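This report concerns only the one structure given below.
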Amino acid sequence: MFKKSIGQAHEKLVFNRRVRVLVDEIGKLLPANSQMLDVGTGDGQIAKMIGEQQSGTTVQGIDIMERETIHIPVTLFDGTTIPMDDNSVDVVTFVDVLHHTDDPQILISEASRVARKAVIIKDHLSENKLDHMTLRAMDWVGNAPHGVVLPYNYAPRRDWDNWFTNAGLTTDAFVTAIPLYPAPLSWVFGRKLHFIARLTPTAT
């Protein structure tokens, strides 16, 4: 009952604004007329809305579990190997997915293999203990009511840069000014805890 109440409060105060902001910010980085693959898509609602920001964009998703309701075509996968050929889609996206994995490098490298034009990632930055504690609290409130596994695997910028480089990706944009929360919530839960990065496979 407590988790359910927390989830309802989170959706009312935070979730709907978060969706609008992410759709706008990620949509601006998405090339027009793209084939987009969203990894860890859930029900696909956010991916569908992101794709609608650019004309001519087609969207599909993959996830480790099947939802009752889906808004885009979704294929199940094992959580490590993207079930697509090399250079088979234009853009691969991750929206708050990689910190739920044990090793983000695996999926980032897979995205680089599959993407022709870009990899777009929304995730978190944790540079100190306060950042980590804040992100844990946010993650629990947003995900625990839905039964999502929470490994709390947050990383500093240097780790993300290393993962990108190891995957053969070049950083085109790295944005931390993302207005996900209204004041005064933004003073605690905003800061520079969130980023959106657009990356280009160096082989392209």
Side-chain angles (χ1 to χ4, degrees), residues 15-67 69-101 104-125 157 160-161 163-180 194-204:
F15 181 76
N16 292 334
R17 176 188 174 111
R18 172 183 175 272
V19 169
R20 291 194 303 271
V21 170
L22 291 180
V23 167
D24 183 54
E25 295 293 327
I26 296 174
K28 290 187 296 188
L29 299 176
L30 187 71
N33 302 309
S34 292
Q35 294 173 287
M36 172 181 152
L37 174 69
D38 189 47
V39 180
T41 195
D43 65 5
Q45 180 64 49
I46 293 179
K48 177 185 177 182
M49 295 169 68
I50 291 170
E52 290 171 349
Q53 287 284 87
Q54 292 285 7
S55 62
T57 295
T58 60
V59 180
Q60 59 184 311
I62 59 175
D63 209 316
I64 61 172
M65 60 185 293
E66 186 174 0
R67 305 295 177 97
T69 301
I70 55 173
H71 301 276
I72 61 174
V74 177
T75 300
L76 294 179
F77 84 122
D78 62 8
T80 56
T81 303
I82 295 177
M84 303 192 73
D85 294 334
D86 296 359
N87 305 310
S88 55
V89 296
D90 293 317
V91 180
V92 176
T93 57
F94 298 93
V95 181
D96 285 332
V97 168
L98 291 169
H99 65 269
H100 290 291
T101 68
Q105 181 71 77
I106 294 172
L107 280 176
I108 294 172
S109 295
E110 276 291 283
S112 180
R113 176 184 66 81
V114 169
R116 287 190 292 264
K117 295 182 179 178
V119 177
I120 300 175
I121 296 172
K122 156 63 179 78
D123 218 285
H124 300 308
L125 292 174
R157 173 71 187 267
W160 288 105
D161 287 340
W163 291 328
F164 300 157
T165 299
N166 292 340
L169 295 168
T170 299
T171 303
D172 297 328
F174 196 97
V175 180
T176 57
I178 309 169
L180 291 169
H194 309 266
F195 76 85
I196 297 174
R198 185 179 65 192
L199 309 138
T200 302
T202 53
T204 61

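Only this structure's heavy atoms are used, side chains among them; waters, hydrogens and symmetry mates stay out. Nothing here was measured: the structure is a model prediction, and the numbers come from that model. Numbers here simply count residues along the sequence, with the first being 1.
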Interatomic distance, [X] atom [atom1] to [Y] atom [atom2] [nearest 0.5 angstrom]:
X: His194; Y: His124; atom1: NE2; atom2: NE2; value: 6.0 Å
X: Thr69; Y: Asp43; atom1: OG1; atom2: CG; value: 7.5 Å
X: Ile62; Y: Thr41; atom1: CD1; atom2: OG1; value: 9.0 Å
X: Arg198; Y: Leu29; atom1: CZ; atom2: CG; value: 5.5 Å
X: His71; Y: Met49; atom1: NE2; atom2: CE; value: 10.0 Å
X: Glu25; Y: Ile50; atom1: CD; atom2: CD1; value: 11.0 Å

Give a yes or no on whether the backbone of [Y] and the side-chain of [X] come within a donor-acceptor separation of less than 3.5 Å.
X: Asp78; Y: Thr81; value: yes
X: Arg113; Y: Met84; value: yes
X: Ser112; Y: Ala167; value: yes
X: Arg17; Y: Leu180; value: yes
X: Ser109; Y: Ile106; value: no
X: Arg116; Y: Ser88; value: yes
X: Asp123; Y: Leu98; value: yes
X: Ser34; Y: Thr57; value: no
X: Asp63; Y: Gly42; value: yes

In terms of heavy-atom contacts, Val91 and Pro31 come closest through CG2-CD, 3.8 Å

Ring pair (Phe, Tyr, Trp, His ring centres under 6.0 Å) between Phe195 and Trp160, worked out:
CA-CA 11 Å; Phe195 76 85; Trp160 288 105; 5.0 Å; yes

Assess the residue pair Thr93 and Leu37 against the criterion (side-chain contact (heavy atoms from CB on, under 4.5 Å)); give the C-alpha distance rounded to whole Å, side-chain angles, the decisive distance to 0.1 Å, and a yes or no.
CA-CA 6 Å; Thr93 57; Leu37 174 69; over 6 Å; no

Carefully, step by step, assess Gln60 and Asp38 under the rule side-chain hydrogen bond (donor to acceptor under 3.5 Å, both in side chains).
CA-CA 6 Å; Gln60 59 184 311; Asp38 189 47; over 6 Å; no

Decide side-chain contact (heavy atoms from CB on, under 4.5 Å) for Met36 and Asp90; before the verdict, give the C-alpha distance in whole Å, the side-chain angles of both, and the deciding distance to 0.1 Å.
CA-CA 6 Å; Met36 172 181 152; Asp90 293 317; over 6 Å; no

Can you see whether Phe174 has Arg157 sitting over its ring - NZ or CZ less than 6.0 Å from the centre and within 45° of the normal?
yes

Assess whether a salt bridge exists between Asp24 and Arg20, defined as any Lys/Arg side-chain N lying under 4.0 Å from an Asp/Glu carboxylate O.
no

In the structure I gave you, are the side-chain heavy atoms of [X] and [Y] within less than 4.5 Å of one another anywhere?
X: Gln35; Y: Val59; answer: no
X: Ile121; Y: Phe164; answer: yes
X: Lys122; Y: Ile26; answer: yes

Run the numbers on Thr80 and Glu110 for side-chain contact (heavy atoms from CB on, under 4.5 Å), then give the verdict.
CA-CA 8 Å; Thr80 56; Glu110 276 291 283; over 6 Å; no

I would like to know whether Ile64 and Leu76 meet side-chain contact (heavy atoms from CB on, under 4.5 Å); could you show each step before the answer?
CA-CA 5 Å; Ile64 61 172; Leu76 294 179; over 6 Å; no

I need the single residue from Val114, Val92, Thr101, Val95 that forms a side-chain contact (heavy atoms from CB on, under 4.5 Å) with Val39. Which is it?
Val92

Side chains of Asn33 and Gln54, donor plus acceptor under 3.5 Å
no

